[in-house]
Amino acid sequence: MTEASVREFKMPDVGEGLTEAEILKWYVQPGDTVTDGQVVCEVETAKAAVELPIPYDGVVRELHFPEGTTVDVGTSIIAVAVGDGAAAEPVREAEAPAAPEAEAAPEAEAAPEGRQPVLVGYGVATSSTRRRPRKGTQAPAQAAPPAAAAIQAEMNGHGPTAPVTRERPLAKPPVRKLAKDLGVDLATVTPTGPDGIITREDVHAAVTAAQAPEPPAAPAAQAPAPAPAAPSSAPVSYDTARETRVPVKGVRKATAAAMVGSAFTAPHVTEFVTVDVTRTMKLVEELKQDKEFAGLRVNPLLLIAKALLVAIRRNPDINASWDEAAQEIVVKHYVNLGIAAATPRGLIVPNIKDAHAKTLPQLAESLGELVSTAREGKTSPAAMQGGTVTITNVGVFGVDTGTPILNPGESAILAVGAIKLQPWVHKGKVKPRQVTTLALSFDHRLVDGELGSKVLADVAAILEQPKRLLTWA
């Protein structure tokens with residue numbers, strides 16, 4: 001097999017402008033046969049967990065990163081031998097160090113500037129990831145020596161190729177990542193691996209040596225230096241005597257950045273209304289018995305979502321976004337209704353595309369699919385893009401209300417509090433009624449108090465008298 005038949009599959013941009021993803025699980029190992037479209041791994045981005053398919057047939061030669069590693073978009077994560085004879089090509093461990101070492105060659109040090117092609121997702125990102133050159137990229141008139149011999153020749157400053165001055169120590173990508181996480185300069189590490197390769201154990205030994213107290217300065221009663229981090233190529237949670245520290249990454253990291261950006265970019269205004277939803281709760285129970293909703297999940301959120309959609313139809317300017325670059329207000333003639341969902345990976349906001357055009361049973365079906373997919377951690381990046389208005393149901397946690405922060409790029413978000421039995425004046429008498437509090441936050445750059453108040457009042461009116469779903473629709 002020739003080296004030209006080895007294909008490198010790079011980490012794609014599986015979101016919109018994302019720069020990295022964490023490898024959660026490998027489904028293949030070196031030596032396995034793969035086919036075009038076969039899922040080879042699952043990765044977690046700042047938005048969701050995504051399965052990655054391989055785009056060609058072949059045999060896995062090498063997995064460049066272990067599970068738990070965070071990898072930059074554009075970095076090769078798996079090598080696959082393709083073409084005739086691929087299945088017969090053995091996986092040779094001796095060649096493994098050669099690929100990362102060639103990475104340091106000056107002629108291939110910088111990746112080409114500009115937009116990189118992607119396989120999965122909806123955006124591309126400019127990447128400075130260094131390209132790993134193929135073996136055998138020497139002068140055309142000379143044959144490439146074996147991998148280990150080529151490395152040794154370059155280290156000695158002679159051989160069939162011109163002398164190469166190495167600017168980086170020799171180490172595999174996972175070891176480089178480990179050193180970065182532990183704050184270790186590889187140039188200060190003494191290599192013990194073959195051909196001068198720095199190993200994982202070398203990095204940990206450097207950490208131990210750096211943390212050990214110097215004998216002259218260390219008093220007898222001094223506490224021992226902290227133990228080095230567990231051998232891992234990715235940040236992990238760890239405990240001290242009185243604290244637990246958890247690395248901020250993935251969905252949680254993206255949510256934090258988005259909320260800070262939203263809070264300090266869009267001037268938020270929040271209004272509140274408390275409403276009697278007894279009739280809505282009765283309608284929910286009636287719809288559960290309706291054959292049109294057989295097999296569908298019917299709950300108060302369904303009617304709240306429909307009420308918001310009707311309110312948007314009556315007040316379309318609420319469904320807009322602020323274009324800072326163009327200094328324009330962009331009014332959307334469609335509603336992609338976001339539903340905030342709490343998952344083990346953090347809060348995500350997938351949205352129902354064209355929710356405004358769905359019938360009530362169709363909306364119930366879409367809500368059910370959205371929730372089940374989110375709980376399974378399978379929400380796709382596409383499902384979280386392009387939202388226009390969002391609902392967050394804090395009532396499921398027993399919370400009465402809140403002041404929700406806008407989802408970036410949207411102008412309004414409706415928070416729904418817990419529905420509780422409370423004393424309420426109904427037809428001139430105090431009676432126990434089902435009551436909840438709604439809170440609407442909106443971007444005051446494009447939504448004034450009148451518009452925001454009308455939308456919130458319409459939602460409340462529909463939930464108090466759900467027959468308005470027919471008369472106002």
Side-chain angles (χ1 to χ4, degrees), residues 271 273-320 332-341 349-372 374 383 386-396 404 407 410-419 434-442 451-473:
E271 295 186 343
V273 63
T274 302
V275 58
D276 177 2
V277 295
T278 304
R279 291 186 177 90
T280 288
M281 298 303 291
K282 290 181 179 179
L283 179 57
V284 168
E285 295 305 316
E286 292 174 3
L287 293 178
K288 288 180 180 179
Q289 308 305 320
D290 193 313
K291 64 179 182 179
E292 295 294 329
F293 293 87
L296 300 178
R297 182 179 177 86
V298 179
N299 55 24
L301 180 61
L302 170 62
L303 295 184
I304 293 168
K306 190 63 175 179
L308 179 58
L309 292 170
V310 172
I312 292 172
R313 182 182 302 174
R314 288 165 55 86
N315 305 276
D317 288 346
I318 192 76
N319 188 46
K332 312 294 177 60
H333 302 302
Y334 59 91
V335 181
N336 290 345
L337 181 63
I339 304 294
V349 188
N351 60 77
I352 300 173
K353 309 299 184 187
D354 293 325
H356 67 288
K358 294 183 180 295
T359 64
L360 197 59
Q362 290 172 341
L363 188 61
E365 182 178 9
S366 297
L367 276 172
E369 292 175 353
L370 180 149
V371 172
S372 61
T388 62
V389 175
T390 293
I391 295 175
T392 176
N393 185 10
V394 298
V396 296
N407 209 31
E410 300 179 11
S411 63
I413 178 171
L414 178 69
V416 182
I419 299 175
Q434 298 282 354
V435 177
T436 190
T437 299
L438 308 175
L440 183 71
S441 291
F442 48 87
L451 176 59
S453 299
K454 285 183 176 180
V455 171
L456 185 58
D458 278 358
V459 174
I462 293 171
L463 295 180
E464 186 175 13
Q465 294 283 352
K467 65 182 182 181
R468 291 191 172 104
L469 287 173
L470 300 176
T471 58
W472 287 2

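Heads up: numbering here begins at 1 and tracks the sequence.
- The distance from the OG atom of Ser441 to the CD atom of Glu410 is 12.0 Å, given to the nearest 0.5 Å.
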Can you give each donor-acceptor pair under 3.5 Å made by side-chain atoms of residues 275-288, sequence neighbours left out, with the distance rounded to 0.1 Å?
| residue | atom | partner | partner atom | Å |
| --- | --- | --- | --- | --- |
| Asp276 | OD1 | Thr278 | N | 3.0 |
| Asp276 | OD1 | Thr278 | OG1 | 2.6 |
| Asp276 | OD2 | Arg433 | NE | 2.8 |
| Asp276 | OD2 | Arg433 | NH2 | 3.2 |
| Thr278 | OG1 | Arg433 | NE | 3.3 |
| Thr278 | OG1 | Gln434 | N | 2.9 |
| Thr280 | OG1 | Leu463 | O | 2.5 |
| Glu285 | OE2 | Lys288 | NZ | 3.4 |

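- Proximity of Phe293 to Pro361: side-chain heavy atoms (C-beta onward) are separated by under 4.5 Å at one or more points.
- The structure places CG of Leu360 at 4.5 Å from CG of Leu302, a figure rounded to the nearest 0.5 Å.
- Distance check, rounded to the nearest 0.5 Å: CG of Asn351 to CD1 of Ile391 gives 12.0 Å.
- Residues Leu438 and Leu456 form a side-chain contact, since some pair of their non-hydrogen atoms from C-beta on lies under 4.5 Å apart.
- Between the CD1 atom in Ile304 and the CD1 atom in Ile339 there is a gap of 9.5 Å [rounded to 0.5 Å].
- For residues 451-466, the set of pairs meeting the side chain to side chain donor-acceptor pair (under 3.5 Å) definition, not counting sequence neighbours, comprises Glu271-Ser453, Arg314-Asp458, Asn315-Asp458, Glu450-Lys454.
- Summarising the local packing, CZ of Arg468 is surrounded by more than 12 heavy atoms from other residues, nucleotides or ligands at distances under 6.0 Å.
- Val459 places a side-chain heavy atom less than 4.5 Å from the side chain of Leu414.
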Just do the side-chain contact (heavy atoms from CB on, under 4.5 Å) check on Ile462 and Val310 with the steps written out, would you? CA-CA 9 Å; Ile462 293 171; Val310 172; 3.7 Å; yes
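- Ser366 and Ile352 get closest at one heavy-atom pair: CB-CG2, 3.8 Å.
- Distance check: Leu296 CG to Glu365 CD gives 6.0 Å after rounding to the nearest 0.5 Å.
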Under the side-chain contact (heavy atoms from CB on, under 4.5 Å) criterion, do Ile413 and Asn407 qualify, and how do the steps go? CA-CA 7 Å; Ile413 178 171; Asn407 209 31; 5.7 Å; no
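- The shortest distance between side-chain heavy atoms of Val455 and Leu440 falls below 4.5 Å.
- Checked by atom type, the side-chain pair Thr388/Asn336 shows no donor-acceptor distance below 3.5 Å.
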Could you walk me through whether Val396 and Val416 pass the side-chain contact (heavy atoms from CB on, under 4.5 Å) check? CA-CA 9 Å; Val396 296; Val416 182; over 6 Å; no
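- A pairwise comparison of heavy atoms in Gly386 and Tyr334 identifies O-CE1, 4.5 Å as the closest pair.
- For the atom pair NZ of Lys358 and CG of Leu337, the computed distance is 11.0 Å after rounding to the nearest 0.5 Å.
- Nearest heavy atom pair, residue His333 against residue His356, reads O-NE2, 4.1 Å.
- Under the 3.5 Å distance criterion, the side-chain polar atoms of Thr392 are left unmatched by any main-chain donor or acceptor of Ala340.
- The minimum heavy-atom distance between Trp472 and Ala461, with the atom names listed, is CH2-CB, 3.8 Å.
- The two residues Thr436 and Gly417 make their nearest non-hydrogen contact at OG1-O, 2.9 Å.
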